[in-house]
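Keep in mind that what you see is a predicted model, and the values were worked out from it rather than measured. Per chain, numbering begins at 1; letters A, B, ... match sequence-line order. Atoms considered below: every heavy atom in the structure, side chains included; atoms not considered: hydrogens, waters and symmetry mates.
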Amino acid sequence: MSNPENGRVPVVRFAPSPTGYLHVGGARTALFNFLFARHHGGKFILRIEDTDQKRFQAEALQEIFTSLKWLGLQWDEGPEAGGEGGPYFQSQRTETYRRHADQLLAAGRAYRCFCSEDRLTRMRAEQEKAKMANGSGYDRHCRLLTEAEVAALLAANAPHVIRLKVPDDRAVVFRDLIRGEISYDSAQLDDLVLLKSDGFPTYHLANVVDDYLMRVTHVLRGDEWIASTPKHMLIYEAFGWPPPLFAHMPVILAADGGKLSKRRGAASVLDYQRAGYLPEALLNFLVLLGWAPGGDREIMTLDEMIAAFSLERVQAKAAVFDETKLEWMNGHYLQQRSEESLLPEVMVCWEKLLLPLPAALADKAYARRVIGLFKDRSKKIIEIAENSGYFFRDPAAYDPQAARKYFKRETLSILELLSEKLAAQEPFGREALEGLYRQVAEGLGLPAGKLIHPTRLAASGVSSGPGLFAMLEVLGKETVIRRLQNARNWIAAAADTKE
RNA sequence: GGCGCUAUCGUCUAGGGGUUAGGACGGGUGAUUCUCAGUCACUAAACCGGGGUUCGAAUCCCCGUAGCGCUACCA
């Protein structure tokens, strides 16, 4: 399948810089790239933009890989995957960038700039003071250097950068696939730095050179890059290369309308994993932030997203990250999942929560049944583990409020009677147990609730949870009777101290 | 300050010259039940403001306002 825009099989790339963890905004950009590539039968490249040595973090790199894999966004080319366009770390391509910067120098489209940081700072301060209406930015001081001056400075080993010669006063126009035509006046643009004095390229140079060399057809990136795009257009032009197509994704905002940050709701992708979210839920939620397939469809598998995805339907407006809806969606996907598939992840939570580890945890079949009791009433994986502790050890205490309500003196005899009946009950299945309870209640002339609530509290220590009879069935006869006895003794002791 | 982008219920969005402006989350009410959830039903809730264009504007154009982005030898 070829794409409708320029007839070539699309090649896209996700190009994070390893300066921090992959957060949901980045994940959404990666997702849109992935969906676009898959929809058109194209290629999805992962490229690491690590040209800023000062901000590089090795852990961040690992986390980016782990996050993308967890979400199921497998890249076709990139680190670990290989490919013809490699290497995929920009820090390993510095020779390439230098060569290309030289090429621009030779063509007279760029020049060496020896200005010190000091001079630049002073210049900016003066511009600030003069409140220059426009055209603030580098004053092009070194553009006027003669060849002899440059040669002398070079001979003296003077540190320098390479800057692009930006044309004076011209419209730079490009078409954003989501917003339409966007135009900038080149007079607004700086003579931007292409190669830094440490020999590393700036984002702008590396980005353009790599996108060209890797034959990228569509640049789908966050909309904070819109203002950089005219600069990139000028670089393509200086090289004489045809530019790719651009589409800028709207940003994702925090609930208060501000920027997404760790402090404000949006953590890294892996934090959502740790918090008990399912990848399919996060993906489905994220795809709806800035895109909709049309109509009323919301719940979609990855394959359905791929089939329906199109850039034309991507929203231009920033979207607010609504954690509540994510939770709802996660609950939905939790219900869809089998007990079996949930087991490893719930087990991790149990192992953290239940120390020392109860022997019952080793019984996989039992664990699966417990999960079955909780997955439909939970929103996150962690909740399944948090609320099910009593399936692995007897309650250490009873919820005080519930105890006041359900553990009364007259409950004593009820629990005793129930213990007796339960001991004789066979089979110990949920329907049979319910039948037994209704029968006993009737015999006593009491509403079934009078039996059910104390039993629940005795068996679990809390007053909320799965249906009582399903719970008793999973717990098993021996455990249930033991807990009923424990509760009986507890009530008796409480009654004594009161007197 | 300059430049740019954006604007439909609280939130995500559908629609797009003539509609009772639709759906989802969240809220409210009710039903179900042994609790909590869940599920189901019902319900309140929106076209930023002003000018044009037009028989007709939420929809197209302009202006304003607000929000956001960029304005680095960061990405």
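Residues that satisfy the side-chain contact (heavy atoms from CB on, under 4.5 Å) test with A403(A), not counting sequence neighbours, are Y398(A), F407(A), L457(A), W490(A). Applying the side-chain contact (heavy atoms from CB on, under 4.5 Å) criterion to A247(A), with sequence neighbours excluded, gives L177(A), I178(A), L220(A), M249(A), L311(A).
A close approach under 4.0 Å does occur between a side-chain nitrogen or oxygen of K317(A) and OP1 or OP2 of U8(B). K196(A) has a side-chain polar atom (N or O) that falls below the 4.0 Å cut-off from OP1 or OP2 of A75(B). The shortest distance between the side-chain N/O atoms of R221(A) and the OP1/OP2 oxygens of C70(B) is not below 4.0 Å. Taking 4.0 angstrom as the limit, R297(A) places none of its side-chain polar atoms (N or O) nearer than this to OP1 or OP2 of C12(B).
Rounded to whole Å, atom P of C70(B) lies 16 Å from atom CG of L192(A). The distance between atom CD1 of I182(A) and atom P of C70(B), rounded to the nearest whole Å, is 15 Å. Computed from coordinates, the Y111(A) OH to C73(B) P distance equals 11 Å when rounded to whole Å. As a whole-Å value, the separation of L288(A) CG from A14(B) C1' is 11 Å. Nucleotide C74(B) holds its C1' atom 15 Å from the CG atom of D190(A), rounded to whole Å. As rounded to whole Å, 20 Å separates atom P of C3(B) from atom NE2 of H248(A). To the nearest angstrom, P of G1(B) lies 17 Å from CD of Q127(A). Spacing between atom NE2 of H332(A) and atom C1' of C40(B) amounts to 16 Å, rounded to whole angstrom units.
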Review point. Do T19(A) and F56(A) pass the side chain to side chain contact (heavy atoms under 4.5 Å, CB included) test, and can you show the C-alpha distance, the side-chain angles, and the key distance before you say yes or no?
Key: CA-CA 5 Å; T19(A) 54; F56(A) 177 79; over 6 Å; no
**Study point:** Evaluation steps, side chain to side chain contact (heavy atoms under 4.5 Å, CB included), between L253(A) and F321(A)
**Key:** CA-CA 6 Å; L253(A) 268 21; F321(A) 192 93; over 6 Å; no
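Pair assignment for C70(B) gives G2(B), based on Watson-Crick or G-U wobble hydrogen-bonding distances that are each under 3.5 Å. Across all strands shown, nothing is found opposite A21(B) as a Watson-Crick or G-U wobble partner with both distances under 3.5 Å. Look at C48(B): its Watson-Crick or wobble partner, with both distances under 3.5 angstrom, is G64(B). Using Watson-Crick or G-U wobble geometry with both donor-acceptor distances under 3.5 Å, U39(B) finds its partner in A31(B). Nucleotide U54(B) has no partner under the Watson-Crick or G-U criteria, as no pair reaches both atom distances under 3.5 Å. Remark: C9(B) base-pairs with no nucleotide in the shown strands. Criterion, Watson-Crick or G-U wobble with two distances under 3.5 Å.
Among the heavy atoms of the strands lying under 4.0 Å from V193(A) are primed sugar atoms or P, OP1, OP2 only; no base atom is included. Q315(A) comes within contact range of the sugar-phosphate backbone alone, with a heavy-atom separation under 4.0 Å but no base atom that close. At the heavy-atom level, R179(A) lies under 4.0 Å from the strands shown only through sugar-phosphate atoms. Contact annotation for C113(A): no contact, since no heavy-atom pair falls under 4.0 Å across all strands.
For the P atoms, the distance linking G52(B) with A57(B) amounts to 11 Å, nearest Å. A gap of 49 Å separates the P atoms of U39(B) and G1(B), to the nearest Å. Annotation: C70(B) and C74(B) have their C1' atoms spaced 13 Å apart (nearest Å). Atom name P, nucleotides C47(B) and C9(B): the rounded distance is 7 Å, in whole Å. Taking the C1' atom of each, U54(B) and G18(B) are spaced 12 Å apart, rounded to whole Å. Separating the P atom of G49(B) from that of U65(B) is a span of 16 Å, rounded to the nearest Å. Atom name C1', nucleotides C63(B) and U53(B): the rounded distance is 15 Å, in whole Å. When the P atom is compared between A14(B) and G23(B), the two are found 15 Å apart, to the nearest whole Å.
Checked against C70(B), A75(B), C73(B), the side chain of T51(A) finds its nearest nucleotide in A75(B). Nearest to the side-chain atoms of V320(A) among the listed nucleotides U11(B), G4(B), A7(B) stands U11(B). Side-chain proximity of R313(A) to the nucleotides G4(B), A14(B), A75(B) is greatest for A14(B).
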Check your understanding: Reading nucleotides 20-38 of chain B 5' to 3', which nucleotides get B (base under 4.0 Å from a protein heavy atom), which S (sugar-phosphate only), which -?
Key -> --BBBSS-------BBBBS
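Here the straight-line distance linking atom CG of D376(A) with atom CG of L334(A) works out to 8.5 Å at 0.5 Å rounding.
Nearest approach of G372(A) to E339(A), heavy atoms of both residues: CA-OE2, 3.3 Å.
Y203(A) and H232(A) have their aromatic ring centers within a separation under 6.0 angstrom. Proximity of the aromatic rings of F65(A) and Y21(A) is defined here by a centroid distance below 6.0 angstrom, and this criterion is not met.
Using a 30° and 60° split on the angle between ring planes, H160(A) and F114(A) fall in the tilted class, from 30° to 60°. The aromatic rings of F309(A) and F36(A) stand perpendicular to each other, their planes meeting at an angle above 60°, with 30° marking the opposite boundary.
Summary of the strand contacts: G294(A) and K54(A) both lie near RNA chain B, and taking for each the nucleotide with the nearest heavy atom, the more 5' one is attributed to G294(A).
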